[in-house]
Visitor: 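Handing you a structure now.
All values below come from the heavy atoms of this structure, side chains included, with hydrogens, waters and symmetry mates left out. This chain uses plain numbering: 1 for the first residue, then up along the sequence.
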Amino acid sequence: MKVFNLRCPLGHIFEGWFASDAAFEQQQSQGWLSCPMCNSHEIVKGLSAPHLARKSNSLAPAAPAAPASSAAAPARPGSAPASSSPSRASPTPLSDAQRLQQAWLELSRQIVANTDDVGSGFADMARQMHEGEVAARPIRGTATPEEQRALVDEGIDVLPLLLPEASKHRLQ
């Protein structure tokens, strides 16, 4: 499995997992790749550090010996010390931009999970709720700039948000 750092023209950085370089190239050429933030299909590979896996039966470098303690149990002959278990490499730290992207995507997913999508009927539904014709509930949908202005002029609070496409769908 190959893990690539991918980037869209707007600078959003995200990770993609592929069986091979050829699999990445095929998915890219067929337009299957898209940015989870802006849904752009213009995706390029960024710089990626190789992930090197150690064989599961290899020993990690020995850690410095801990000071002896009278409560410590003696080691059995032939047993490996606890420090010889394979260590995991720490993940590459995220940049501020990546942390913001991650936070916005999570918040967007919470918005999607806790609102009803009324689609292009957003302005009409907001008016009906405002006028008491239907029960008020959290909704989201689409409205033209003119519909948004009209809602505000009528005293109806609206908050335009551009939700990332990835917040509307789960990969698994």
Side-chain angles (χ1 to χ4, degrees), residues 1-54 56 85-130 134-172:
M1 192 59 68
K2 295 208 173 208
V3 181
F4 296 131
N5 287 331
L6 305 177
R7 188 172 25 90
C8 76
L10 295 178
H12 300 130
I13 299 169
F14 56 100
E15 198 172 77
W17 292 45
F18 302 91
S20 65
D21 285 315
F24 166 78
E25 298 297 335
Q26 177 191 16
Q27 291 181 33
Q28 184 183 38
S29 68
Q30 294 181 350
W32 293 351
L33 303 179
S34 64
C35 173
M37 297 301 291
C38 65
N39 208 31
S40 170
H41 290 277
E42 296 177 41
I43 305 301
V44 296
K45 278 195 283 187
L47 297 175
S48 297
H51 294 262
L52 302 175
R54 204 184 319 219
S56 63
S85 62
S87 62
R88 296 191 185 268
S90 60
T92 305
L94 296 175
S95 70
D96 288 343
Q98 288 172 312
R99 279 194 294 278
L100 285 172
Q101 283 176 210
Q102 194 174 43
W104 174 236
L105 187 57
E106 185 54 40
L107 179 60
S108 298
R109 285 184 172 143
Q110 289 177 18
I111 291 170
V112 168
N114 293 298
T115 57
D116 292 328
D117 187 359
V118 295
S120 60
F122 177 83
D124 292 334
M125 182 60 68
R127 276 191 192 90
Q128 291 172 5
M129 289 189 314
H130 182 73
V134 297
R137 66 186 196 276
I139 61 170
R140 63 186 156 81
T142 57
T144 65
E146 294 78 23
E147 290 173 322
Q148 292 173 24
R149 278 191 288 279
L151 289 170
V152 170
D153 290 345
E154 295 169 32
I156 302 170
D157 293 329
V158 294
L159 177 63
L161 293 174
L162 181 59
L163 296 176
E165 198 58 37
S167 68
K168 299 173 189 172
H169 311 285
R170 286 280 186 192
L171 292 176
Q172 296 181 357

Visitor: Under the side chain to side chain donor-acceptor pair (under 3.5 Å) test, which residues partner T142, sequence neighbours left out?
Guide: none
Visitor: Quickly, which of Q28, E25, R7 forms a side chain to side chain contact (heavy atoms under 4.5 Å, CB included) with K45? Name it, please.
Guide: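 The single option meeting the side chain to side chain contact (heavy atoms under 4.5 Å, CB included) with K45 is E25.
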Visitor: Taking the side chain as everything from C-beta on, heavy atoms only, tell me whether Q30 gets closer than 4.5 Å to Q26.
Guide: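 A side-chain contact under 4.5 Å exists here.
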Visitor: When you compare the side chains of W17 and E15, does any donor N or O come within less than 3.5 Å of an acceptor on the partner?
Guide: yes
Visitor: Can you name the residues that form a side chain to side chain donor-acceptor pair (under 3.5 Å) with E154, not counting sequence neighbours?
Guide: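 Applying side chain to side chain donor-acceptor pair (under 3.5 Å) to E154 gives R127.
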Visitor: How far apart are the closest heavy atoms of F122 and A143, and which atoms are they?
Guide: CD2-CB, 4.1 Å
Visitor: Calculate, to the nearest 0.5 Å, the distance between atoms CZ and CG belonging to F24 and L6 respectively.
Guide: 5.5 Å
Visitor: Within a strict 4.5 Å, meaning less than it, do heavy atoms of the C38 and H12 side chains meet?
Guide: yes
Visitor: State the CZ-CG distance between R140 and L159, to the nearest 0.5 angstrom.
Guide: 14.0 Å
Visitor: Mark yes or no for whether Q148, through its side chain, and V158, through its backbone, hold a donor-acceptor pair below 3.5 Å.
Guide: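 Flag not set: sc Q148 to bb V158 has no pair under 3.5 Å.
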Visitor: Working to the nearest 0.5 angstrom, can you tell me the gap between E147 CD and R149 CZ?
Guide: 11.0 Å
Visitor: Using the ring of F18 (Phe, Tyr or Trp, six-membered ring only), decide whether K2 places NZ or CZ under 6.0 Å from its centre and within 45 degrees of its axis.
Guide: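 So K2 doesn't make the cation-pi contact.
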Visitor: Quick check: closest heavy atoms across N114 and P138, and the distance to 0.1 Å?
Guide: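 What the structure gives for the nearest pair is O-CB, 3.5 Å.
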Visitor: Assess the residue pair E106 and Q102 against the criterion (side chain to side chain contact (heavy atoms under 4.5 Å, CB included)); give the C-alpha distance rounded to whole Å, side-chain angles, the decisive distance to 0.1 Å, and a yes or no.
Guide: CA-CA 6 Å; E106 185 54 40; Q102 194 174 43; over 6 Å; no
Visitor: Among all residues two or more places apart in sequence or in another chain, which pass the side chain to side chain donor-acceptor pair (under 3.5 Å) test with R137?
Guide: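 For R137, the residues satisfying side chain to side chain donor-acceptor pair (under 3.5 Å) (neighbours in sequence not counted) are D116.
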Visitor: Of the non-hydrogen atoms in S34 and I43, which two are nearest, and what is the gap between them?
Guide: C-CD1, 4.0 Å
Visitor: Considering residues, nucleotides and ligands other than L162, do more than 12 of their heavy atoms fall under 6.0 Å from its CG?
Guide: no
Visitor: When rounded to the nearest 0.5 angstrom, what distance separates OG in S108 from CG in L161?
Guide: 7.5 Å
Visitor: Would you compute the distance between atom CG of L10 and atom CD of E42 and round it to the nearest 0.5 angstrom?
Guide: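 Going from the CG atom of L10 to the CD atom of E42 covers 9.0 Å.
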Visitor: Working to the nearest 0.5 Å, report the span between OG1 of T115 and CD1 of I139.
Guide: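 Between T115 OG1 and I139 CD1, I get 9.0 Å after rounding to 0.5 Å.
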Visitor: Say whether, by atom type as modelled, one donor and one acceptor occur between the side chain of H41 and the main chain of G31 under 3.5 angstrom.
Guide: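 Pair found, side chain donor or acceptor close to backbone of G31.
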Visitor: More than 12 foreign heavy atoms under 6.0 Å from CD of Q27: is that the case here?
Guide: yes
Visitor: Do other residues, nucleotides or ligands put more than 12 heavy atoms under 6.0 Å from D157 CG?
Guide: no
